[in-house]
Amino acid sequence: MPKLSLVVPVYKVRGYLPECLDSVLGQDYTDFEIVAVDDCSPDGSGAILDEYAQRDERIHVIHLTENVGLGRARNAGLEKVRGEYVLFLDSDDTLSDGALRAIADRLEATGNPEILVYDYARTYWDGSVRRNARADLLTQDGPDAFPLADRPQLLDLLQIVWNKAYRRDFVTRAGLTFPPGYYEDAPWTFGSMISAGRIAVLDRVCVLYRQRREGGNILKTVSRKHFDVFAQYRRVFAFLDEHPELDRWRAPLFRKMADHYLTILERPGRLPRDARAEFFQQAAADYRARLPEGFEPPAGPRRHKYALLHRGSYPVMASALTALRLRQGVRSRARSTLGRSKRGAMEVFYRSQLRLPLDENLAVFSAYWSRSVSCNPAAIDAEVGRLAPHIRRVWAVRADAVKHVPEGVEYVRVGSRAYWAAVARAKYLVNNVNFGDTVVKREGQIHVQTHHGTPLKTMGLDQQKYPASTRMDFAKLLQRCDRWDFSISSNRFTTSVWERVYPSAYTTLETGYPRNDILLTAGAEEVRAAREDLGLRPGTTAFLYMPTHREYQSGFVPRLDLERLAERLGPDVTLLVRGHYFYGGTSRLSELKSAGRIVDVSEHPSVERLYLASDALITDYSSAMFDYANLDRPIVVFADDWDTYSVVRGTYFDVLRQPPGAVATTQEELTDLLRTEGWRDDRATEARARFRRRFCDFDDGHAAERVVRHVFLGEPLADLPPIVPLNERVPAPPPGPDVAASDPISVL
């Protein structure tokens with residue numbers, strides 16, 4: 001029997017769940033179990049739980065067949081716990097380092113009380129941490145364990161279940177369970193605290209309480225579900241009625257009830273406007289019905305509000321609330337005006353266009369900060385032309401990139417009148433990055449964020465942990481994310497990262513990346529044409545070398561001696577190099593380039609065609625590896641500066657331990673791999689298979705179709721083509737028989 005059992009209810013938290021579980025499994029105290037309850041979560045959280053359970057026998061997973069809500073999910077977990085003490089942890093929160101050892105030590109030091117109350121801190125998206133404002137109530141002066149009567153001020157703590165450890169036999173004896181509905185913590189917390197004979201405190205932050213920017217918090221939800229609070233306090237007072245020996249707590253709990261009702265009334269963003277009067281009248285009825293004899297309301301402004309509840313005087317209360325909201329509105333408008341003055345006045349022409357109706361049949365596309373017509377937006381553009389030809393498609397392109405616009409593509413120059421008119425009136429805006437801060441999201445517009453890769457390196461809010469790698473204004477980043485309606489994902493791993501590091505109210509579309517469709521649909525003729533366009537002669541083995549950018553380097557630092565590598569690999573090998581790697585060079589390098597053994601493809605308009613043309617990919621930490629894996633062709637990782645990159649930039653997994661193929665950390669190792677079968681031997685093939693199972697979830701050749709049919713044609717997700725299982729997909733064929741696929745590369 002473990003000392004501690006942690007009940008973790010899980011629902012729609014795939015972006016936060018791994019961090020929650022890791023914070024528990026990484027504790028230096030190990031005498032615990034986790035009972036995780038998948039509350040029929042629709043986002044794949046249950047699969048994450050199963051993966052963790054396979055790796056650690058301390059995790060026990062319960063999959064509920066229907067969504068029952070937080071309270072009843074906790075009850076399901078309670079039925080399975082075996083520990084001496086029960087703790088609750090919400091699945092988007094985390095434990096602080098050393099929390100479980102501190103809790104276990106304090107339980108032992110205080111003689112195993114029925115309840116141990118410990119502290120928490122709120123954590124925010126910007127990295128700030130704010131400790132519980134009433135941490136002073138947890139000072140460990142006086143007796144180690146005590147009844148609540150000795151420290152009644154503990155009732156002034158936020159009444160939550162996850163800042164306490166409960167002795168399991170006490171829970172059973174007291175008959176504690178969670179009710180359904182909002183505010184389910186109230187009956188459990190009040191009932192347990194007033195019933196316990198021995199309570200102890202721990203003056204230490206053990207739980208990091210995540211303040212999610214979007215979703216996950218009923219306190220930020222406008223709903224009639226807030227009426228559930230009445231049923232919860234009905235249960236609280238029914239418990240008191242059943243236990244007359246606890247009657248001394250009637251007045252303190254009445255005060256907690258009144259304060260809770262007033263808080264819900266006063267806070268904007270909880271009750272629908274047309275429900276406030278009804279809520280007040282029900283609160284007033286409860287107040288009068290449960291008013292203890294001789295009750296003395298609190299002093300100060302709260303006393304007047306208690307009196308309004310007693311009289312049931314909603315008009316007076318409404319006037320007070322209106323005055324409060326007016327003051328808040330004035331402050332909000334002042335902040336907005338200040339923000340506009342800082343940004344500068346928007347062009348008069350743009351403002352005039354924003355007043356015109358939306359063009360329901362206009363879509364504006366952009367990619368890579370308007371530098372090219374490419375990537376996921378280009379694939380969606382093509383599919384819109386096929387499935388929704390009535391929609392006019394316009395690309396936003398920078399003036400210095402106009403020369404690269406393909407023939408026949410309609411475009412507007414960024415900053416021109418035509419550009420501002422297009423982004424003001426287009427129904428659809430599609431981008432693989434963000435549109436500029438001055439672009440306004442209009443009501444009725446649909447913004448599609450396609451992204452442009454699977455994250456190996458940290459992204460979004462996670463970059464706050466690595467300040468050397470970014471100068472990003474994270475507040476502005478989130479304002480840009482707030483414009484998204486849809487976020488496209490190519491695998492479950494990416495989904496969980498995006499939803500956590502870009503916390504906004506968009507809908508994730510797990511369609512696959514449209515740009516990768518061609519990797520599953522192209523035939524031998526398209527592969528042959530892609531090679532011919534690059535001048536690859538028959539019998540040539542083509543390695544596509546695609547290193548990523550290093551933010552911590554101000555200039556280019558070559559990672560490979562390309563001339564030497566080309567010489568060692570011999571005349572039957574061509575290096576396709578995508579990146580800014582030629583800063584002049586020797587005459588010998590020029591000879592190798594002119595001979596076709598090194599080809600600079602940095603300006604090639606389609607990286608997907610480069611994938612099709614190549615026999616293998618050589619990269620370091622580029623997201624190209626995730627896309628290329630869909631071809632099921634060899635991938636070689638050249639990671640000569642992994643120790644530096646992973647520390648300075650931050651990564652989500654160790655590419656040396658979980659690679660997509662063979663790995664080299666020096667040029668000599670890389671050369672040896674490429675001159676032998678090491679780049680495509682059984683070991684490399686097995687690594688690629690594992691990588692594909694993890695990251696090739698949705699790319700099956702139909703991603704663009706799914707996006708267009710759902711976003712542009714309004715078809716329900718359930719009607720879209722189902723994802724083709726990985727083992728049933730047929731990638732584009734490798735280069736044809738004129739390439740010596742089975743012959744080892746000549747050794748010079």
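Everything quoted here is computed from the prediction, not taken from an experiment.
Salt bridge status for Asp699 with Arg515: absent, with no side-chain N to carboxylate O gap under 4.0 Å. Taking the charged nitrogens against the carboxylate oxygens, Arg480 and Asp437 do have a contact shorter than 4.0 Å, which makes a salt bridge. Using a 4.0 Å cut-off between charged nitrogen and carboxylate oxygen, Asp400 and Arg398 count as a salt-bridge pair. Note on Asp92 versus Arg210: no salt bridge recorded, every NZ/NE/NH1/NH2 to OD/OE distance being 4.0 Å or above. Looking at Glu383 and Arg386, a side-chain N of the basic residue comes within less than 4.0 Å of a carboxylate O on the acidic one, giving a salt bridge.
Ring centroids of Phe365 and Tyr428 are separated by 6.0 Å or more, keeping the two rings apart. Under the 6.0 Å cut-off for aromatic ring centres, Trp498 and Tyr506 do not qualify, their centroids lying 6.0 Å or more apart.
Taking all atoms of both residues into account, the shortest heavy-atom contact from Leu387 to Leu713 is O-CD1, 4.1 Å. A pairwise comparison of heavy atoms in Val707 and Pro514 identifies CG2-CG, 4.2 Å as the closest pair. Closest of all the heavy-atom pairs between Cys20 and Ser91 is CB-O, 3.4 Å. Residues Leu429 and Gln445 come closest through the heavy atom pair CD1-NE2, 3.4 Å. Residues Pro660 and Val655 come closest through the heavy atom pair CD-CG2, 4.3 Å. Of all the heavy atoms in Tyr411 and Val397, the pair that sits closest is CB-CG2, 3.9 Å.
Inspection of the Thr495 and Glu499 side chains reveals no N or O donor paired with an N or O acceptor under 3.5 Å. Judged by distance alone, the side chains of Asn432 and Tyr513 never bring a donor and an acceptor atom under 3.5 Å apart. Judged by distance alone, the side chains of Asp462 and Tyr652 do bring a donor and an acceptor atom under 3.5 Å apart. A donor-acceptor pair shorter than 3.5 Å can be found between the side chains of Asp482 and Ser504. For Asn434 and Trp484, the side-chain atoms include at least one donor-acceptor pair closer than 3.5 Å. Defined by atom type and a distance below 3.5 Å, a donor-acceptor pair is missing between the side-chain atoms of Thr685 and Arg680. Side-chain contact of Asn491 with Thr494: a donor-acceptor pair under 3.5 Å is present, judged by distance alone. Judged by distance alone, the side chains of Asn516 and Ser490 never bring a donor and an acceptor atom under 3.5 Å apart. Defined by atom type and a distance below 3.5 Å, a donor-acceptor pair is present between the side-chain atoms of Ser614 and Tyr628.
Side-chain N or O atoms of Glu705 include none that pairs as donor or acceptor with a backbone N or O of His702 at under 3.5 Å. For Arg578 (side chain) and His604 (main-chain N/O), a donor-acceptor pair under 3.5 Å exists by modelled atom type. A distance-only check finds a donor-acceptor pair linking the side chain of Arg633 to the backbone of Leu612 [under 3.5 Å]. Looking at Gln667, its side chain does come within 3.5 Å of a backbone N or O of Asp561 through a donor-acceptor pair. Formation of a donor-acceptor pair under 3.5 Å by the Asp473 side chain with backbone atoms of Lys476 is found in this model. Asn630 places a side-chain N or O within donor-acceptor distance of the main-chain N or O of Asp627, the cut-off being under 3.5 Å. Side chain of Asp43 to main chain of Tyr11: no donor-acceptor pair is present (N/O by atom type, distance under 3.5 Å, no hydrogens or angles). With hydrogens and angles ignored, the 3.5 Å screen pairs no side-chain donor or acceptor of Glu51 with any backbone N or O of Ile48. A donor-acceptor pair under 3.5 Å links the side-chain atoms of Arg483 to the main chain of Val439, judged by distance alone. In terms of modelled atom types and a separation under 3.5 Å, the side chain of Arg531 and the main chain of Ala613 share a donor-acceptor contact.
In this structure, the side chains of Leu21 and Leu49 come closer than 4.5 Å at one or more pairs of heavy atoms. Trp642 has its side chain out of reach of Asp620: every pair of non-hydrogen atoms, C-beta onward, lies at least 4.5 Å apart. Residues Ile380 and Val708 meet the side-chain proximity criterion, which asks for heavy atoms closer than 4.5 Å. Here the side chains of Tyr621 and Arg649 are not in contact, with every heavy-atom distance at 4.5 Å or above. Using a 4.5 Å cut-off on side-chain heavy atoms (C-beta onward), Val573 and Arg597 make no contact. In this structure, the side chains of Thr671 and Leu565 come closer than 4.5 Å at one or more pairs of heavy atoms. Using a 4.5 Å heavy-atom threshold, the side chains of Met625 and Phe691 count as touching. In this structure, the side chains of Thr511 and Ile488 come closer than 4.5 Å at one or more pairs of heavy atoms.
Once rounded to the nearest 0.5 Å, the distance linking CH2 of Trp125 with CG of Leu461 reads 6.5 Å. Atom CG of Leu544 is separated from atom CG of Leu576 by 5.5 Å, given to the nearest 0.5 angstrom. A distance of 11.0 Å separates OG1 of Thr541 from CG of Leu575, quoted to the nearest 0.5 Å. Going from atom CZ of Arg14 over to atom OG of Ser41 covers 8.0 Å, rounded to the nearest 0.5 Å. Distance CG/Leu520 to CG/Leu631: 8.0 Å, rounded to 0.5 Å. Of the inter-residue distances, the one linking Ile618 atom CD1 with Met546 atom CE reads 12.0 Å to the nearest 0.5 angstrom.
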Pair Ser606-Leu610, side-chain contact (heavy atoms from CB on, under 4.5 Å): steps then yes or no:
CA-CA 7 Å; Ser606 172; Leu610 297 178; over 6 Å; no
Is there a salt bridge (Lys or Arg N to Asp or Glu O under 4.0 Å) between Asp632 and Arg729 once you walk through the steps?
CA-CA 10 Å; Asp632 200 16; Arg729 299 175 202 167; over 6 Å; no
Determine, step by step, whether Lys427 and Leu362 satisfy the side-chain contact (heavy atoms from CB on, under 4.5 Å) criterion, reporting the C-alpha distance in whole Å, the side-chain angles of both residues, the deciding distance to 0.1 Å, and the verdict.
CA-CA 6 Å; Lys427 173 72 172 183; Leu362 175 61; 5.8 Å; no
Leu670 vs Val636, side-chain contact (heavy atoms from CB on, under 4.5 Å): CA-CA, chis, key distance, verdict:
CA-CA 8 Å; Leu670 177 64; Val636 180; 3.7 Å; yes
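Around the CZ atom of Arg413, the shell of radius 6.0 Å holds no more than 12 heavy atoms that belong to other residues, nucleotides or ligands. With a 6.0 Å radius and a threshold of 12 heavy atoms from other residues, nucleotides or ligands, Lys12 has its NZ atom at or below the threshold.
Because its NZ or CZ atom is not both nearer than 6.0 Å to the ring centre of Phe698 and within 45° of the ring axis, Arg706 does not count as a cation-pi partner of that residue. Taking the centre and axis of the six-membered ring of Tyr52, the NZ or CZ atom of Arg55 falls inside the cone set by 45° and 6.0 Å. Phe493 carries Arg694 over the face of its six-membered ring, with the cationic atom under 6.0 Å from the centre and within 45° of the normal.
Ring geometry for His452 versus Tyr368: interplanar angle over 60°, hence perpendicular rather than tilted (30 to 60°).
Among Val364, Val412, Val409, the one residue that satisfies the side chain to side chain contact (heavy atoms under 4.5 Å, CB included) test with Trp395 is Val409. For the ring pair (Phe, Tyr, Trp, His ring centres under 6.0 Å) with Phe486, the qualifying choice from His710, His447, His451 is His710, the only one to do so.
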